[in-house]
Amino acid sequence: MNQEDMKRAVAQAAIPYVPSDSIIGVGTGSTANYFIDALAGLKHKIRGAVASSEASAKRLRGHGIEVLSLNDADDLQVYIDGADEITRHLHMIKGGGGALTREKIVAAASRKFICLCDASKLVDVLGKFPLPIEVIPMARSYVARQLVALGGQPKLRTGFTTDNGNVILDVHGLEIMNPPELEATLNHIAGVVSNGLFARRGADVLLLGTVDGVKTMTL
Ligand code: 5RP
């Protein structure tokens, strides 16, 4: 099984977590795209989806799945998305696709977070994958200096604007020993919209694609 096969396998394994007659939260990225494609087979069994990005909304609509605004939905029963790194504590780095803020909002509004990853993303310590931070454009340099003071090396994601009209700083060189603490610290920097640490609201279930098949991990 190569990495793409693993992504496809975890996407398929997420289908039993989709309740009938529900509105579900749907994430962003290549693994989430496989899930959206698998969801197309169930489209008559669900009421619709809340998407964490314009790209996912477009893909969902392309399959004839109704896309709702979060404001028009109650709490969602489940949110299904990938991640860039995840630990056994089900803390994650997300935002490689730049959708971290909407992902965090939809995850917060969901009762259960099912994370879909191939085996390469399971790590002991988060931080090898550069941590994405969404920043209000006028605060870019100020926030970058604060990130340097915290020991990181921020790099502006060039040629990229988020769905919310902001920029992304990708922070290299972090070894994140206490993800919930760093998540809160970053949120307190003026100009930071959100950061890619999903630790305070981590995943509830990890479906991990391995060469031996899909493994289910919970806390
Ligand atoms: C997008 C994300 C994605 O979940 C993350 O980047 C993983 O993407 P992929 O499934 O393509 O590896 O957080 O903002």
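Ligands are counted one by one from 1 in listed order, and the atoms in each one are counted from 1 as well. The first residue of the sequence shown is numbered 1, and numbering continues consecutively from there.
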Pocket residues of ligand 1, ordered first by chain and then by residue number (heavy-atom cut-off under 4.0 Å):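 Close residues (ligand 1, cut-off 4.0 Å): K7, T28, G29, S30, T31, D81, G82, A83, D84, K94, G95, G96, G97, G98, A99, E103, K121.
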Out of curiosity, C115 SG to L207 CG, how far, rounded to the nearest 0.5 Å?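 Spacing of SG (C115) from CG (L207) equals 8.5 Å.
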Pair listing, salt bridge (Lys or Arg N to Asp or Glu O under 4.0 Å) test, anchored in [range], at least two apart:
{"range": "residues 185-201", "result": "R201-D204"}
{"range": "residues 8-35", "result": "D5-R8"}
{"range": "residues 77-87", "result": "D81-K94"}

Quiz item: Could you walk me through whether N195 and E183 pass the side chain to side chain donor-acceptor pair (under 3.5 Å) check?
Solution: CA-CA 7 Å; N195 70 82; E183 183 177 0; 5.2 Å; no
Can you see whether F160 has R157 sitting over its ring - NZ or CZ less than 6.0 Å from the centre and within 45° of the normal?
yes
